[in-house]
Amino acid sequence: MFSLATLLVVIAMAMTLIRAVRGPTPYDRILAVNVHGTMTVLLIALAGFLTDRPDFLDLSLAYALLNFVGTLAALKFFKHGHLGEEQ
Amino acid sequence: MSLALDILSGACLFVGAVLMIVSALGVIRLPDLFTRLHGASIADTGGAFLLLIGMILQADSFLVGIKLGLIGIVLFFTAPTASHAVAHAALIGGLSPDDPGANQGREEAEEDRA
Amino acid sequence: MVSARTFSLFLVLFATWLLLSGIWDPFLIASGAVASLLVVYIAHRMSVIDGEGHPIHLSWKLLTYLPWLTWQIVVSNIAVCRTILSPSMKLDAGSGWVPASQTTPVGLVTFANSITLTPGTVALSVYPDTIQVHALDRAGIEELKAGEMNRRVRAMEGKA
């Protein structure tokens, strides 16, 4: 069951990449990458179960936190052109 | 008991993975950014939580279950915040929430040509 | 000096350390205690340990709110999946304003996050007394205007 779920998640990730490439607006791309990241979190966790290595869950947790910060950083950079240094 | 658990967890994993596909399909098929956000939120809620529940049911130790639960808590708080950030940025960036036809990035293309 | 809230923050941090490491070695447990104390000290100096930074007073009421929210999420997941999978995909998407009667920032954020977490509705912008909502189906906005979720979050945050 884990291998089937992993396969389906990988297919879904490939589908979100289509939207990330097509756009049309930058927000569409950021949204697609955000969903891609959510799926990556679960793919890493599934891979941990598939290979019987529970350490992967730590990576998954770290990726969940990074994905959120990364989305916000990309949005902020796109909006302001910088990440908040002095004018 | 163990068999019932396996079936339940397998069903959760399968439905969760199918919801991920549906969500990706929504992100591709829906007509503009604001409607695509709804497709994306399926992956953040239904897909992610069913997959996590499926894995928790198969967890062989207490700590593994706790870690999966923590991933769930992190996603529970960050996913809507990230969606809201994208939606608000798009609203400020001039996309119209009531008119899907206006959000196809044409203005931007014209700017590039000019 | 050390309030119950500060102590509970320390307990939460220390428990997180123990559960994530899973190694019961005296040196690592001591390091965890020192690290948690350091974080609590810094948070205390930044004076972020208040009802907004560490809202433990909500935890019991959250237990009555979460099951209802989960049910809403399940119902709207099914509705949005049906919309996406329908071949013709007739959409009635649009935005509207929903009144929010919460009095605390934590309550308002909970309400906006609940709206966004439920598939089919997304909070676009948040103001102290109204929230602009985009819905995949305009019926979702009408349902929010009827105010059941608003009332439940208001009841959860308690008195002002």
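Just so it is clear: chains get the letters A, B, ... in the order the sequence lines come, proteins before strands, and each one is counted from 1.
- Contact tally against chain A (heavy-atom pairs below 4.5 Å) for B:A89, B:G54, B:A85: the top residue is B:A89.
- Counting only residues at least two apart or on different chains, the side-chain hydrogen bond (donor to acceptor under 3.5 Å, both in side chains) pairs with a member in residues 40-65 of chain A are A:D58-B:K67.
- For the atom pair CG (B:L50) and CZ (B:F14), the distance works out to 12.0 Å, reported to the nearest 0.5 Å.
- In this structure, the portion of B:V74 lying under 4.5 Å from any heavy atom of chain A is its side chain and not its backbone.
- Interatomic distance, B:L8 CG to B:Q58 CD, rounded to the nearest 0.5 Å: 10.0 Å.
- Counted by atom type alone, B:T35 and B:D32 present one or more donor-acceptor pairs between their side chains at under 3.5 Å.
- Comparing B:A59, B:A48, B:A79 by how many heavy-atom pairs each has under 4.5 Å with chain A, the most go to B:A48.
- Among A:L46, A:N67, A:N34, the residue making the largest number of heavy-atom pairs under 4.5 Å with chain B is A:L46.
- Between chain A and the options B:G16, B:A40, B:A17, B:S9, heavy-atom pairs under 4.5 Å are most frequent for B:A17.
- Of all the listed residues (A:I18, A:V69, A:V35, A:L31), the one sharing the greatest number of non-hydrogen pairs under 4.5 Å with chain B is A:L31.
- Across all non-hydrogen atoms, the minimal contact from B:P80 to B:L75 is CD-O, 3.9 Å.
- Only the side chain of A:L75 has a heavy atom closer than 4.5 Å to any heavy atom of chain B.
- Between A:L42 atom CG and B:M55 atom CE the span is 5.5 Å, to the nearest 0.5 Å.
- In this structure, chain A has heavy atoms under 4.5 Å from both the backbone and the side chain of B:I71.
- In this pair, A:F49 and A:F2 present their aromatic rings parallel. The plane angle is below 30°, not in the 30 to 60° band.
- Contacts of B:L63 with chain A are absent, with no heavy-atom separation under 4.5 Å from either backbone or side chain.
- Note: A:R19 leads A:M15, A:R22, A:R19, A:M13 in heavy-atom pairs under 4.5 Å with chain B.
- Contact count against chain B (heavy-atom pairs under 4.5 Å) is highest for A:A12 among A:A45, A:A12, A:P54, A:A74.
- Highest contact tally toward chain A, considering only B:G10, B:G39, B:A87, B:G93, is held by B:G10 [criterion: heavy-atom pairs under 4.5 Å].
- A pairwise comparison of heavy atoms in A:R29 and A:P24 identifies NH2-O, 3.7 Å as the closest pair.
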